[in-house]
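To start, the structure itself, in structure tokens.
All residue numbers refer to positions in the sequence shown, counting from 1.
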Amino acid sequence: MATEAFVAVEAPVAAERPVPQRGGGRLWQVLVGGAAVLVLLALCGLGAAALLVERDRTPQATPTGQPQVAESAEAGAHDLDSRDTDQAPLTAKELFPGTQLVVADGQPAYRVLKTHSSASCAVAATGEVADLLVRLGCNQVVRATLRTPDGDHLVTAGLFNLTDHASAERARDRIRQMLDERQGRFRGMPADNGTEAIATAPARVGWQVRGHYLAYAVVARVNGAAIRSGDTKAREILFDMIELHLNQGVLERRAAGGTAGQPTDEGADRTGTQDGSELPGE
């Protein structure tokens with residue numbers, strides 16, 4: 001897999017600080033689009049992982065190396081690059097099996113408020129983002145809304161099931177521009193009274209590709225206040241959901257019996273904002 005170039009966009013906000021390390025495992029690239037500004041960050045490293053933002057220079061990445069070939073393939077092996085070789089549909093139970101979600105040993109649990117599975121990927125996005133996912137063959141989205149352990153944030157996170165790795169990469173690359181130009185966005189999913197902010201408040205968003213899946217997360221404050229691009233707590237939540245849970249948890253289990261342990265994509269980790277107001281296509 002070719003290494004992609006990193007990009008950094010200047011924005012009139014303070015430089016962001018590094019995020020504390022939250023656990024080991026291979027990292028994968030996260031794309032995030034912004035309604036007004038878009039900051040591209042580097043997500044890199046093996047073992048203990050760290051997020052680092054440098055707004056005034058191009059981030060560097062540490063190559064993740066070649067796929068690790070399994071010595072023996074199990075009967076139910078999954079190659080995640082295509083639905084042809086990974087045919088079992090996702091389920092809400094697979095992604096969010098209980099009412100509590102612990103992303104790493106010793107960490108406090110997120111509370112799972114609501115889960116949802118649909119054959120219509122457009123329910124989890126708006127405008128041209130939704131149209132793009134449909135055009136690229138997305139046939140399923142599974143998501144949940146959770147409350148953070150401290151109770152101050154809400155997050156909607158899940159997986160879009162696309163045709164193959166190439167279509168997932170095309171979605172990843174186009175979504176950044178669409179969010180930046182306010183042509184659509186990912187939808188937060190309200191769960192009950194007091195969770196409306198996930199759908200209406202300004203949010204931090206992230207997304208990433210692994211195999212034929214596009215993982216995403218939307219983070220908002222419970223009180224509806226805006227989240228700055230340098231907010232380390234919001235970035236920590238995105239990392240918990242996309243990297244630790246969806247990648248190292250859900251998708252790693254799918255790939256574990258395959259002929260190759262799916263490597264983390266080399267490239268850029270990007271985070272940004274999306275406005276919670278009405279956008280075209282809603």
Side-chain angles (χ1 to χ4, degrees), residues 1 4 22-23 25-33 41 43 49 51 64 78 80-83 86 89-92 94-97 101 103-104 110 112 115-118 121 123-125 129-130 132-133 136-146 155-176 179 185-189 203-219 234-256 262-272 274:
M1 185 178 300
E4 301 177 3
R22 288 301 307 271
R26 301 167 299 174
L27 304 181
W28 55 331
Q29 63 189 28
V30 178
L31 279 175
V32 178
L41 315 173
L43 177 61
L51 290 173
T64 58
H78 289 87
L80 299 186
D81 280 348
S82 170
R83 280 204 302 257
D86 177 38
L90 298 167
T91 65
E94 178 184 3
L95 270 65
F96 305 98
L101 175 65
V103 299
Y110 287 77
V112 180
T115 61
H116 177 249
S117 179
S118 177
C121 296
V123 301
V129 175
L132 175 70
L133 292 168
L136 291 177
C138 185
N139 71 349
Q140 183 186 27
V141 60
V142 179
R143 55 184 175 155
T145 292
L146 307 92
V155 54
T156 294
L159 293 172
F160 291 102
N161 189 340
L162 287 101
T163 305
D164 52 29
H165 185 66
S167 62
E169 285 188 319
R170 285 196 292 272
R172 177 199 64 197
D173 295 340
R174 286 287 294 125
I175 285 171
R176 175 202 162 190
L179 292 184
R185 62 180 173 88
F186 292 110
R187 287 185 186 271
M189 179 177 66
R204 296 291 295 172
V205 295
W207 66 101
Q208 170 65 294
V209 165
R210 179 166 182 176
H212 63 100
Y213 297 103
L214 180 73
Y216 78 102
V218 179
V219 178
R235 291 169 55 215
E236 179 182 288
I237 297 166
L238 292 175
F239 182 78
D240 281 353
M241 289 296 108
I242 296 173
E243 174 60 20
L244 296 184
H245 177 55
L246 295 174
N247 177 29
Q248 296 185 24
V250 176
L251 295 180
E252 191 66 28
R253 285 194 299 271
R254 283 213 158 207
Q262 299 291 322
T264 296
D265 285 345
E266 300 174 9
D269 161 42
R270 303 170 186 174
T271 63
Q274 68 177 23

Go through it in stages, so that I can follow the logic: the residues are Y216 and I175, the test is side-chain contact (heavy atoms from CB on, under 4.5 Å), and I'd like the CA-CA distance, side-chain angles, deciding distance and then a yes or no. CA-CA 11 Å; Y216 78 102; I175 285 171; over 6 Å; no
Does T156 form a side-chain contact (heavy atoms from CB on, under 4.5 Å) with F186? I'd like the steps, not just the answer. CA-CA 9 Å; T156 294; F186 292 110; over 6 Å; no
Worked verdict on M241 versus L101 for side-chain contact (heavy atoms from CB on, under 4.5 Å): CA-CA 10 Å; M241 289 296 108; L101 175 65; 3.9 Å; yes
For R210 and L246, run side-chain contact (heavy atoms from CB on, under 4.5 Å): C-alpha distance rounded to whole Å, both residues' side-chain angles, the deciding distance at 0.1 Å, then the answer. CA-CA 10 Å; R210 179 166 182 176; L246 295 174; over 6 Å; no
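Closest of all the heavy-atom pairs between A255 and L80 is CB-CD1, 3.7 Å. In this structure, V209 and A168 approach most closely via the heavy-atom pair CG2-O, 3.4 Å. The nearest pair of heavy atoms linking R176 to W207 is N-CZ2, 3.4 Å. Taking each heavy atom of V142 and L90 in turn, the nearest pair found is CG2-CB, 3.7 Å. Heavy atoms only, all atoms of each residue included: A215 and I242 are closest at CB-CG2, 4.4 Å. Closest non-hydrogen pair, T115 versus A144, comes out as CG2-CB, 3.9 Å.
Distance CZ/F239 to CG/N247: 9.5 Å, rounded to 0.5 Å. Between atom CG of residue D240 and atom CZ of residue R235 there is a gap of 12.5 Å, rounded to the nearest 0.5 Å. One finds the CZ atom of R143 at 8.0 Å from the CZ atom of F160 (value rounded to the nearest 0.5 Å). The CZ atom of R170 sits 13.0 Å away from the CG atom of L214 when rounded to the nearest 0.5 Å.
Checking side-chain atoms of R187 against main-chain N and O of A125 turns up a donor-acceptor pair under 3.5 Å. When atom types are taken as modelled, the side chain of R185 and the backbone of L179 share no donor-acceptor pair closer than 3.5 angstrom. H212 places no side-chain N or O within donor-acceptor distance of the main-chain N or O of H165, the cut-off being under 3.5 Å. With Q140 contributing its side chain and P89 its backbone, the two residues share no donor-acceptor pair below 3.5 Å.
The closest side-chain heavy-atom distance from I237 to Y110 is below 4.5 Å.
Of the options D86, L133, N139, a side chain to side chain contact (heavy atoms under 4.5 Å, CB included) to N161 is made by N139 and by none of the others.
Ring orientation note: the planes of H245 and F96 are tilted relative to one another, at an angle of 30° to 60°.
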